[in-house]
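This report refers to the structure that appears directly beneath it.
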Amino acid sequence: MPTYLIKGASVVGAAPTDLLVRDGVVVETGRGLDAAGAVTVDADGLVALPGLVDLHTHLREPGREDAETVESGSRAAALGGYTAVFAMANTSPVADTAGVVEQVWRLGREAGLVDVQPIGAVTVGLAGEHLAELGAMASSAAGVRIFSDDGFCVADPRLMRRALEYVKAFDGIIAQHAEEPRLTEGAQMHEGEISTRLGLTGWPAVAEEAIIARDVLLTEHVGSRLHVCHVSTAGSVEVLRQAKARGIRVTAEVTPHHLLLTDERAVSYDPVFKVNPPLRTAADVTALRAALVEGVIDVVATDHAPHGVEDKECEWAYARPGMLGLETALSIVLDVLGPQWDLIAERMSRSPARIAGLAGHGVDPAPGVPANLTLVDPTARRTVEPAELASRSRNTPYAGMTLPGRVVATFLRGEPTVLDGKAVR
Ligand SMILES: NC(=O)N[C@@H](CC(=O)O)C(=O)O
């Protein structure tokens, strides 16, 4: 493995320094470093961040390799500045056994572009009736610690309680897709003024908030850990704020699209804007941004949800919900938060790594630290061209938009996965 000398990078926004990377580790930092035989990477004007960690990615393999594979999703992730992604369990077959999570984990290792950490299903087949083999998945080679039925809510309170109890044995986490199904039957978009005007069935904010309220209380009762997926409403933020103030062990994520886009987009009837939970109001966006800054929301997670054209280029009502996220997340967050590098590193790398207990990731580049890092050009602007994305799918809601920031290089354990803005493999 070659030695890399990264010249003049601003580590999380600090004064420029050189980083010497050898055998997968940052071995030295400081100005004017020299190393015979090292490959030099010019990082003048670039910001070095700890490699980003995504707690919520859909990779579609096994089952829908036409929409994404572990390898194509890994490449999209690396290009987005990620060094680790957590792969959701709603594949086909569902990742509800040790066999399937090990398969996904192995495919991730073979692709070798990011660390792919499988999330196990909470219930068999995501059907919400019987607990899956949580213990077997936890003790498998994949070492699963996060479980989620994402795409579906674990709606049965007794089952949710059992799941929270079960994962305590190995300090696991239940990541809940908070959606009371009886309140969202037939829902097509956020329930509000615009859904009324368009005549589309609404998905009310309370369907999310009621489940979060129930689950934080269950979590407190059981003394377990809860993570709330894709928080989308101002009311959810208030429930989370109270739960955290009470000392309940709950963490939460928000997606880039819920930080930027509103339900106004549905007026176009373009299904690229159909997503679950739905895009909400401008007031919700404002509350989510504030909660992210304050720390009531711990992390930005992409909910990267690739879908093929037949599932997206159709009538709104027939389209599958979900949008791409990995290759644009950092730019959206930079757009929303501005160049607050420490905050960005915290919400997109350190905090998700800490929540997941993921060793070697989420640590700022410094001597002795595994070289999982990304180099970002903060002054570059780029226009999103769907055809240029590494994902196998094209369902980005940002097509044609010019966004700030560009990932120039990503290193996974000292090996570049992206150089000069291009995937190495
Ligand atoms: N977030 C989405 O809109 N879609 C997700 C699953 C889901 O939550 O419905 C997907 O897997 O496509």
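Whatever order the structure lists ligands and atoms in, that order sets their numbers, starting from 1.
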Inset, instruction - Answer yes or no: is there a side-chain heavy-atom contact under 4.5 Å between Leu330 and Met348? - result: yes

Legend entry - Closest protein heavy atom (residue, atom, distance) for atom 5 (C) of ligand 1: His58 NE2, 3.7 Å

Inset, instruction - Select one of side chain, backbone, both or neither to describe which atoms of His307 lie under 4.0 Å from any atom of ligand 1, heavy atoms only. - result: side chain

Inset, instruction - Give a yes/no verdict on whether any heavy atom in Arg60 is under 4.0 Å from an atom of ligand 1. - result: yes

Legend entry - Separation of Leu131 CG from Phe147 CZ (nearest 0.5 Å): 10.5 Å

Inset, instruction - Heavy-atom contacts with Gly322 under 4.0 Å: which atoms of ligand 1 show up? List them by number with element. - result: 2 (C), 3 (O), 4 (N)

Legend entry - For ligand 1, the portion of Asn276 having any non-hydrogen atom under 4.0 Å away: both

Inset, instruction - Provide the number and element of each atom of ligand 1 under 4.0 Å from a heavy atom of Val275. - result: 3 (O)

Inset, instruction - Check whether any heavy atom of Arg320 sits under 4.0 Å from an atom of ligand 1. - result: no

Inset, instruction - Return each pair, listed once, that meets side chain to side chain donor-acceptor pair (under 3.5 Å) where at least one residue sits in residues 128-146; pairs must be two or more places apart or across chains. - result: Arg145-Asp171

Legend entry - Contacts of type salt bridge (Lys or Arg N to Asp or Glu O under 4.0 Å), residue Glu388, not counting sequence neighbours: none

Inset, instruction - Return the residue, atom name and 0.1 Å-rounded distance of the protein heavy atom closest to atom 7 (C) of ligand 1. - result: Gly151 CA, 3.4 Å

Legend entry - atom 8 (O) of ligand 1 [closest protein heavy-atom partner, distance rounded to 0.1 Å]: His177 CE1, 3.2 Å

Legend entry - Test item: Leu326 and Tyr82 side chains (from C-beta on) under 4.5 Å apart, heavy atoms: yes

Inset, instruction - Name the closest protein heavy atom to atom 4 (N) of ligand 1, giving the residue it belongs to and the distance to 0.1 Å. - result: Pro321 O, 3.1 Å

Inset, instruction - Name the orientation class of the two ring planes belonging to His56 and His230 (parallel below 30°, tilted from 30 to 60°, perpendicular beyond 60°). - result: tilted

Inset, instruction - Report the distance from atom NE2 of His258 to atom CD of Glu253, rounding to the nearest 0.5 Å. - result: 10.5 Å

